[in-house]
Each structure stands twice: as structure tokens, then as C-alpha cells.
Amino acid sequence: MRYDFVNPFVSSAREILEEVLSGRIDAGKIRLSPAPVSSRGVTAIVGVTGEGEGRVLFDMSRETALAIATEMNQESQNDLGVLAKDTLSELASMMTGRAITVLNDRGHNLRVSPPTLIAGDNVTISNSELETLVVPLSTSCGEVIVNVAMETR
Amino acid sequence: MDRMKAETPGLPSFRFLVVDDSEFARRNMKKILLSVGGEEAGSAANGREAIEQYMKLKPDLVFMDITMPEMEGVEAVQGIIHRDASAKIVMVSSNGYQEMIKAALESGAKHFLTKPVEPLQVASVVSFVLGEV
């Protein structure tokens, strides 16, 4: 695990959530978790390539996803339609984009893929044998779990 | 506080084109630009559409995402500048590292904004790029 790569992804997620949502964002206890990851309902997945290789997941309940999409659009989103999904993908893109900005400006060379959004009950994500670091972020819309697995290529 | 409201005394009127593959990002940028006194000329979801729309609509300002399908933002800026050297284009991206900003400005963009964009920041950039400051 590249722990030096992990922290910017967590701190950037927290910063961006603070900027787009009202209220304070609190980070919960960090833990290590083996793959696979069980989704709470809605998961945005972003692949990382370049000097480090891995993936970042932002996992949340359907209710939290809709509350975030509603707040970011300043209009009610009652179902996970095109706009709500697009909003959550854009949020994931902003959170990972800021992280690689921090890392690349420190001299690293990383790229992120466009986010993939998965929605559904009882979804398990097991694309990796990488050790995963999990940080829950508590927001006014509910909990967003940041899940980072990263290794040197 | 209403995030979409910005106090922007003295901004000139301007017509804008928003280019982003994200519907959310297009809507959000459009709301902000309308709130600072802009008038929507049109929108596009990729670089190829952006060039077509620019030539058809001739907006005063273009707000261009970088990572898009079909044709990315930097290539689209080059395409627009090749056709109209006076085009005023602001890049807007989630990735704001130096190498990315350099590539955008070297392609002919006048300014660079990182997402999430804020109304006051956008108003300041509009004012700067339109040459009012």
C-alpha cells in the first residue's frame, strides 16, 4: 500500500464535500479492509494509473446519494436518473482530480479514469487483491465511505 | 448563503458557450454565468460539438472542460483558435496540476478554473478575460 498516495485522496474528498455541501464533514476511524467491498447502494469507482496503480471508491447509501445530488443541484432528485448519476460522477471526479493535482504538483505522475457509477442492492466489488484503506466521512447528507487501494507500479 | 448569487457590479454583458460532457457541470456553470449577468449562447458535450457551436454562435466567452469523449478540451481550444484567433476561452477542470494548466494555456486558453467553481471566482475571471480589469 502506498500510504503517501492515500492521504491526499481522503483529504481532497473531505475538502470537496465541504465545498459542495452545507455543514461540517467529520472523518471517522480509519481501518484496513481486505477486498472485496460490499456496496451500500451507490458506488463511484475511479481507476488510478501511472506511477501508482489502484482505485478509489466512494460508497454511500441510495438515500445519501439522492440527498447529495439534491443539494448539489439545488433541486430535488427523487430517483437515480441521468442527472443524479451524472452529479455523483462529477463529484467523484472533483474529489480524485484534486488529489492527483496535489500529488502531481509534488512531482508524482498519476492519472485518473473517468468515474464509473454502480447502483444496486447487494453489489460486491472485487476487482483487486490490493489491501484497502477505508475512511468514513460524515456529511449532512449521510455517510460517504472513501475506500482507497493503491500500489506502486 | 445562496451559492449561485454573486455580487458583480460593473460586469459587461456577454454571451457564453458552456462545453462539458457532464450534464450537471453544464447546468451548474450555466446557472453561475446567468447569475453574473451572462446570456446563454449554447452548450456542447464534447470538443467536436464545441468547435461547431463556436463557429455557428460566435459567443463572447467559452467555458471548456478538458476531459471529454470524442475530442478533448485542449484539442478543441486549438481547433477554435485556429479558426478564430480572437476567441476567449476559459478552461474548467477537476484536475488543476501545473502540467495540465500549462497545456491548456499553451493551446490558447485565456484562463484556467478548477472545479468546483464558485460564482465570485467566475465573475472575477469573466471580468479579467473580457478585459474590464
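In what follows, every chain begins at residue 1, and chains take the letters A, B, ... in the order their sequences are listed. The structure presented is a predicted model; accordingly, all values stated were derived computationally and were not measured.
In terms of heavy-atom proximity, A:Val112 sits nearest to B:Asn95 at CG2-OD1, 4.4 Å. For the residue pair A:Asn73 and B:Lys31, the shortest heavy atom distance occurs at O-NZ, 2.7 Å. Closest of all the heavy-atom pairs between B:Pro116 and A:Glu19 is CG-OE1, 3.3 Å.
When heavy atoms are compared at a cutoff of 4.5 Å, A:Ile16 approaches chain B solely by way of its side chain, counted from C-beta outward. Heavy atoms of A:Arg111 lying under 4.5 Å from chain B belong exclusively to its side chain.
For the pair A:Glu75 and B:Arg27, the salt-bridge criterion is met [side-chain N within less than 4.0 Å of a carboxylate O].
Hydrophobic clustering, with ILVMFWY side chains joined whenever heavy atoms are under 4.5 angstrom apart, keeps A:Met94 apart from A:Ile145. In the hydrophobic clustering of this structure, A:Val82 does not group with B:Phe24; members are Ile, Leu, Val, Met, Phe, Trp, Tyr whose side-chain heavy atoms approach within less than 4.5 Å, directly or through other members.
Here the side chain of A:Asp105 pairs a donor or acceptor atom with the backbone of B:Gln98 at under 3.5 angstrom. The closest donor-acceptor contact from the side chain of B:Ser94 to the backbone of A:Gly97 lies at 3.5 Å or more, if one exists at all.
Distance check: B:Glu23 CD to A:Leu83 CG gives 5.0 Å after rounding to the nearest 0.5 Å. The line from OG of B:Ser22 to CD of A:Glu90 is 4.0 Å long, rounded to the nearest 0.5 Å. Atom CG of A:Asp86 and atom CG of B:Asp20 lie 8.5 Å apart (nearest 0.5 Å). Here the straight-line distance linking atom OH of B:Tyr97 with atom CG of A:Leu103 works out to 11.0 Å at 0.5 Å rounding.
For residues 57-76 of chain B, the salt bridge (charged side-chain N to carboxylate O under 4.0 Å, His left out) pairs, not counting sequence neighbours, are B:Arg48-B:Glu70, B:Asp65-B:Lys115.
Residues satisfying the side chain to side chain contact (heavy atoms under 4.5 Å, CB included) test with A:Asn147, not counting sequence neighbours, are A:Val37, A:Arg55, A:Leu57, A:Thr132, A:Val134.
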